[in-house]
Structure formats: structure tokens, C-alpha cells
Amino acid sequence: MQSIANVALLVPDYDEAIAYYCDVLGFELVEDIAMPNGQRWVLVAPPGPPGSTGTRLLLARAKGEAQTQRIGDQTGGRVFLFLNTDDFWRDYRAYQSRGVEFLETPREESYATVAVFRDRFGNQWDLLQPK
């Protein structure tokens, strides 16, 4: 059995990223461990059922010019991350009230209610309530 545990996401600063993903998007801080080389192992995840072990984001502080240039554009401008919800309108309204930038009006698709938003760092996300 296999699963994807973590997805690395380039960010400019650990604390700024933790604040955004936890305070604005409502994610939970799973781990924040100082490493001997000055880096940190920082994992955040959307809230889920108790004991859930879904995919988490590894907030990776960009090192060097090449990584810094790719913050917010790790996929060449396409939607990068897909955030499922059990209540689209609850989360859509909450995100709007916290200043999240939606790039389109919510739409009904055959597979979900969906809208694309951009996070503070430029990454495009789908907010989805699967049907």
C-alpha cells in the first residue's frame, strides 16, 4: 500500500507561510521542527477527521535565486493544489472574508462545485466540493 504523505511547497519565509495557511486557510500546524542546518521541517494540513493522515504541505523555504523565482509558480501557471471540502459555500465565504483572492466565480461542474483561488504566494488552487 502506498500514499503521498507530503507535497513540498516553496515559500519565502516559514513564519509568514504558517500564518497564511493556518490563520487564513484554517489549516493545522502538524510539525515545526528546527533542523541543525538552520532550516525547519514545517508541515501543515487542512483540518480533517480525528486521526486522518491525508496529504500534508511541507513548507520549504526557498534557497537561492532559482527556487526563489519559482515561488508561486511551481507548475508554470496552472492550478497546482486541489482542496476538497464538505461545504463549498461555507469555506468560499470564509475565505472571501479573510481576503483570499478568487480568480473566478464559483461554478457547477459534473464532478464538483469549484472555484480557483490564488494563495498569498501566487499558487493557484481549486476549492472543490465533490459530487
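Heavy atoms only, all atoms of each residue included: Pro47 and Gly26 are closest at CD-O, 3.4 Å. Between Val44 and Leu59, the shortest heavy-atom contact is CG1-CD1, 3.9 Å. Nearest heavy atom pair, residue Lys131 against residue Glu109, reads NZ-O, 2.8 Å.
Placement of Ile18 and Leu43 in two distinct hydrophobic clusters is found when ILVMFWY residues are connected by side-chain heavy-atom separations under 4.5 Å, directly or transitively. A continuous path of hydrophobic side-chain contacts links Leu25 to Ile71 [ILVMFWY only; heavy atoms under 4.5 Å]. Linking Ile, Leu, Val, Met, Phe, Trp and Tyr residues whenever their side-chain heavy atoms come within less than 4.5 Å places Leu127 and Val7 in a single cluster. When hydrophobic clusters are built by joining Ile, Leu, Val, Met, Phe, Trp and Tyr residues whose side-chain heavy atoms come closer than 4.5 Å, directly or via intermediates, Val11 is grouped together with Phe80. Neither Trp125 nor Val114 shares a network with the other; the hydrophobic side chains, linked directly or stepwise wherever heavy atoms of I, L, V, M, F, W or Y lie under 4.5 Å apart, form separate groups for each.
Using modelled atom types, no side-chain atom of Gln39 and backbone atom of Arg61 make a donor-acceptor pair closer than 3.5 Å. At least one donor-acceptor pair closer than 3.5 Å links the side chain of Gln74 to the backbone N or O of Leu10. Between the side chain of Tyr111 and the backbone N or O of Pro130 there is no donor-acceptor pair closer than 3.5 Å. Gln129 contributes a side-chain N or O that, together with a main-chain N or O of Asp86, makes up a donor-acceptor pair within less than 3.5 Å.
In this structure, the separation between CZ on Phe117 and CD on Glu101 is 11.0 Å, given to the nearest 0.5 Å. Annotation: the span from Asp126 atom CG to Leu103 atom CG amounts to 10.0 Å, rounded to 0.5 Å. From Glu31, atom CD reaches atom CZ of Arg56 across 6.0 Å, with rounding to the nearest 0.5 Å.
The closest side-chain heavy-atom distance from Trp41 to Leu58 is below 4.5 Å. Residues Tyr95 and Leu83 have side chains in contact (heavy-atom distance under 4.5 Å, counting atoms from C-beta outward). Within the 4.5 Å cutoff, the side chain of Leu9 has heavy atoms near those of the Leu81 side chain.
Contacts of Thr85 classified as side chain to side chain donor-acceptor pair (under 3.5 Å), with partners at least two apart in sequence or in another chain: Arg90, Asp91. In terms of the ring-ring contact (aromatic ring centres under 6.0 Å, His included) criterion, residue partners of Phe88 (sequence neighbours excluded) are, by chain and number, Tyr92.
Ile33 CD1: more than 12 foreign heavy atoms inside a 6.0 Å radius. For CZ of Arg70, the number of neighbouring non-hydrogen atoms (other residues, nucleotides, ligands) closer than 6.0 Å is 12 at most. No more than 12 heavy atoms of other residues, nucleotides or ligands shown are found within 6.0 angstrom of NZ on Lys63.
For residues 14-27, the set of pairs meeting the side-chain hydrogen bond (donor to acceptor under 3.5 Å, both in side chains) definition, not counting sequence neighbours, comprises Asp15-Arg40, Tyr21-Asp119.
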Inset, instruction - Give the intermediate values and the outcome of side chain to side chain contact (heavy atoms under 4.5 Å, CB included) for residues Thr75 and Asn123. - result: CA-CA 9 Å; Thr75 60; Asn123 301 294; over 6 Å; no
